[in-house]
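Just so it is clear: chains get the letters A, B, ... in the order the sequence lines come, proteins before strands, and each one is counted from 1.
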Number of protein chains: 2
Amino acid sequence: MDRSHPAVHPVAVPPLFHLPPAHLRMKDLPGSPGTLGGLALRVGQFGFAIIAFGVMVAMTDFSTVTAFCYLVAAMVLQCLWSISLAIIDLYALLTRRSLRNSLLVGVFVVGDGVTSTLTLAAACATAGITVFIDNDLGDCGPGHCAKFEAAAAMAFLSWILIQLSFLFSFYLLATR
Amino acid sequence: MDRSHPAVHPVAVPPLFHLPPAHLRMKDLPGSPGTLGGLALRVGQFGFAIIAFGVMVAMTDFSTVTAFCYLVAAMVLQCLWSISLAIIDLYALLTRRSLRNSLLVGVFVVGDGVTSTLTLAAACATAGITVFIDNDLGDCGPGHCAKFEAAAAMAFLSWILIQLSFLFSFYLLATR
């Protein structure tokens with residue numbers, strides 16, 4: 001048995017990396033920019049944000065409360081950001097291009113972080129004021145508070161999806 | 001000059017990693033758990049949260065508004081979380097132990113994420129209601145709204161620090 005093996009073994013050169021290269025790991029993330037999951041997240045964010053915007057704007061007296069105006073502004077920003085990123089994702093998917101550039105992912109992280117914070121802030125302010133008018137003051141017109149609550153809930157759902165996008169982009173940036 | 005060098009060069013075995021090993025990169029992060037920067041962040045979070053709690057509780061009528069009660073509850077949670085993590089950081093620093101365990105960092109990420117979201121939500125709800133009472137209703141007692149605003153501002157400062165802790169912990173988890 002031993003004779004079949006050569007007496008001198010060649011020096012084994014250890015592999016350069018035990019882990020797969022960074023670009024392979026990046027590609028595997030299902031919700032990262034430039035993937036179908038990433039596109040779905042953007043479409044979801046846009047959808048919930050535009051519903052929140054529509055519900056709030058449909059109330060004629062929303063402009064009397066500063067925080068409700070802020071929610072409308074935040075939802076407009078969220079819609080613009082999400083639709084822009086959805087278009088970029090769609091372009092990357094159709095042309096099979098990669099969005100794994102560090103600078104680009106950095107821009108996504110900062111943008112997602114800022115819009116996520118603004119959206120959560122607007123949703124919380126709206127929810128807080130609605131609870132204040134409804135429960136604490138008991139001064140809500142018929143069906144008014146239900147609509148403000150619906151707008152806040154849609155903004156929250158949009159925030160959950162943008163927070164997921166932020167975490168995926170940040171993970172990409174950290175493991176690049 | 002050339003004669004001093006041997007004619008046959010040994011085969012250079014390439015290094016296993018071009019990047020420093022993961023545990024070294026983890027150690028280099030200044031605000032990560034178990035470092036002096038991490039401890040400073042925890043002490044800052046605790047400090048701002050306890051000031052926000054104190055300012056809010058000092059107002060006798062804070063309990064009439066649901067969102068102000070929520071801010072008090074969120075600040076208590078924030079204080080408990082931050083002081084616990086500060087004690088763990090101090091213990092790690094004094095005994096020179098490492099907090100680079102994946103499970104432990106995972107717990108830090110989840111805890112920081114939850115408390116960060118609750119703190120921002122409470123700060124935004126408080127700020128929104130204060131602006132609503134002060135600007136929209138014009139119904140603020142003397143010095144009342146300034147104190148509510150101060151509590152909201154302290155909660156925001158606490159949120160900024162816990163968000164930094166969250167990002168450091170998440171970065172550690174991503175690059176482990």
Side-chain angles (χ1 to χ4, degrees), chain A residues 10-19 21-22 25-26 29 61-71 74 109 113 116-137 139 148 152 155-156 159-160 163 166-176, chain B residues 10-19 21-22 25-26 29 61-71 74 109 113 116-137 139 148 152 155-156 159-160 163 166-176:
Chain A
V11 175
V13 177
L16 277 172
F17 290 99
H18 289 294
L19 292 167
R25 275 181 290 153
M26 280 190 177
L29 272 176
D61 55 350
F62 84 90
S63 59
T64 54
V65 179
T66 312
F68 293 170
C69 298
Y70 170 53
L71 181 80
V109 168
S116 151
T117 307
L118 293 180
T119 297
L120 180 63
C124 293
T126 302
I129 289 177
T130 307
V131 169
F132 179 65
I133 299 174
D134 199 10
N135 291 11
D136 303 330
L137 295 183
D139 184 26
F148 292 143
F156 268 120
W159 169 75
I160 289 171
Q163 188 69 7
F166 168 75
L167 292 178
F168 278 123
S169 302
F170 190 76
Y171 182 83
L172 275 195
L173 198 68
T175 56
R176 75 184 184 279
Chain B
V11 175
V13 177
L16 278 172
F17 291 97
H18 288 296
L19 292 167
R25 276 181 289 152
M26 280 190 177
L29 273 176
D61 56 349
F62 84 90
S63 59
T64 55
V65 179
T66 312
F68 294 169
C69 298
Y70 170 53
L71 182 81
V109 168
S116 152
T117 306
L118 293 180
T119 298
L120 180 63
C124 293
T126 302
I129 289 177
T130 308
V131 169
F132 179 66
I133 299 174
D134 199 10
N135 291 10
D136 303 330
L137 295 182
D139 183 27
F148 292 143
F156 268 118
W159 169 74
I160 290 171
Q163 189 69 5
F166 168 74
L167 292 177
F168 280 123
S169 302
F170 190 77
Y171 182 85
L172 275 196
L173 198 68
T175 56
R176 76 186 184 280

**OP:** For the pair A:Phe170 and B:Phe170, name the ring-plane relationship: parallel under 30°, tilted 30 to 60°, perpendicular over 60°.
**Re:**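 If you compare the ring of A:Phe170 with that of B:Phe170, the planes turn out tilted.
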Note: vs chain A, highest number of non-hydrogen pairs under 4.5 angstrom among B:Leu167, B:Thr126, B:Val131 is B:Leu167
Ranked by heavy-atom pairs below 4.5 Å to chain A, first place among B:Ala127, B:Cys124, B:Gly128, B:Ala123 goes to B:Cys124
Paired with B:Phe132, the side-chain contact (heavy atoms from CB on, under 4.5 Å) test is passed by just one of A:Thr66, A:Thr64, A:Ile129, namely A:Ile129
Practice item. Over all heavy atoms of both residues, which pair between B:Leu120 and A:Leu120 is shortest? Give the atoms and the distance, please. Key: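 So the minimum-distance heavy-atom pair works out to CD2-CD2, 3.5 Å.
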Exercise. Non-hydrogen atoms of chain A under 4.5 Å away: do they reach the side chain of B:Phe166, the backbone, both or neither?
Worked result: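 For B:Phe166, the contact with chain A is made by the side chain alone.
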Subject >> Test side-chain contact (heavy atoms from CB on, under 4.5 Å) applied to A:Thr117 and B:Trp159, step by step >> reply: CA-CA 11 Å; A:Thr117 307; B:Trp159 169 74; 3.5 Å; yes
Output for pair (A:Asp136 CG, B:Ile133 CD1), nearest 0.5 Å, gives 9.0 Å
